[in-house]
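Accompanying notes for the structure given below.
Only heavy atoms go into these numbers, but all of them, side chains included; no hydrogens, no water, no symmetry mates. Sequence positions, counted from 1, serve as the residue numbers for this chain.
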Amino acid sequence: MKPLRIDILTLFPGLVSAVLEESIPRIAREKGVVEYHLTNFRDFAQGVHQAVDDRPYGGGAGMVLKPEPVFKAVRHVLAADDRPAHMVLLTPQGRRFDQQTALDLSGKQRLLMLCGRYEGYDERIRQGFGWDEISIGDYVLSGGELGALVITDAVVRLLPGVLGRDESAQEDSFGLGQHGKLLEYPHYTRPVEFEGMTVPQVLQSGHHAEIAKWRLEQARKRTQERRPDLL
Ligand SMILES: C[S@@+](CC[C@H](N)C(=O)[O-])C[C@H]1O[C@@H](n2cnc3c(N)ncnc32)[C@H](O)[C@@H]1O
């Protein structure tokens, strides 16, 4: 199977590559299940200054991303591979990213993500392509790069063989495992006692069925206390 191709269009490729070159995103690339392609859409801008932004019609604060360089860059990147791309526009106005979306995106052949900056996009950029508009939360970032990295990280750790045990992604919070959306149970490692706090007896018992029962109870309790909306 071909690796998932992820294209990220950004004005700050160095910011993005720094994160992709560490930890799980890097391991996923080294295992050959994903490939990353970063494109600076300033390279597609005209003129000595290669301006990618301009003042808004109608006045107001801030600058707006111009359509020409973005259209050129997107078309150039799309033509680089014949697989159909799922196109993600990073915007605080999009649908909220969650674990189910990460799972859906991990099943695509190709993702193309466009990172905005300044006041955002000229509306024709939105209209010009079939975007899946995604927000990573109800707050405003300075640019889409952190959003694209959040999505990339959440997606690539779901690709087969990336995590040590494939099940570990299923047991995570918001799990996609058999018990549905629950926050994960508490974890413990050695020592058995630390500053008066001890590891629950059941986890030391080696009794797998009892441990599984305890973990499920804890996950339900935790979800009830912290995120009852998930139940
Ligand atoms: C300063 S923001 C522009 C916000 C825009 N003026 C608005 O109110 O919708 C610049 C860029 O950061 C990115 N961005 C900001 N917040 C985001 C969020 N919560 N999720 C995804 N992308 C975000 C988008 O790419 C956006 O175009």
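At distances below 3.5 Å, at least one donor-acceptor pair connects side-chain atoms of S173 with backbone N or O atoms of E184. In this structure, the side chain of R55 does not engage the main chain of V64 through any donor-acceptor pair within 3.5 Å. A distance-only check finds no donor-acceptor pair linking the side chain of T152 to the backbone of L149 [under 3.5 Å]. In this structure, the side chain of T91 engages the main chain of Q93 through a donor-acceptor pair within 3.5 Å.
Taken from NZ in K108 to CE in M87, the straight-line distance is 13.0 Å, to the nearest 0.5 Å.
A salt bridge does not link R117 to D53: none of the charged nitrogens lies less than 4.0 Å from a carboxylate oxygen. The pair D7-R5 meets the salt-bridge criterion, since a charged nitrogen lies less than 4.0 angstrom from a carboxylate oxygen.
Annotation: side-chain hydrogen bond (donor to acceptor under 3.5 Å, both in side chains) contacts involving residues 24-36, sequence neighbours excluded, comprise E21-R29, R26-E30, E35-H37. Note on residues 120-131: pairs passing salt bridge (Lys or Arg N to Asp or Glu O under 4.0 Å), not counting sequence neighbours, are D122-R124, E123-R126, R126-E133.
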**Request:** Verify ring pair (Phe, Tyr, Trp, His ring centres under 6.0 Å) between F129 and F71, making sure each step is shown before the conclusion.
**Result:** CA-CA 9 Å; F129 301 93; F71 269 68; 4.9 Å; yes

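Residues T101 and D104 have side chains that never bring a donor and an acceptor to within less than 3.5 angstrom of each other.
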Please table the atom pairs, donor to acceptor, closer than 3.5 Å between any side-chain atom in residues 207-224 and protein atoms at least two apart or in another chain.
from, atom 1, to, atom 2, distance (Å)
H207, ND1, E210, N, 3.2
T223, OG1, L183, N, 2.9
T223, OG1, A219, O, 2.6

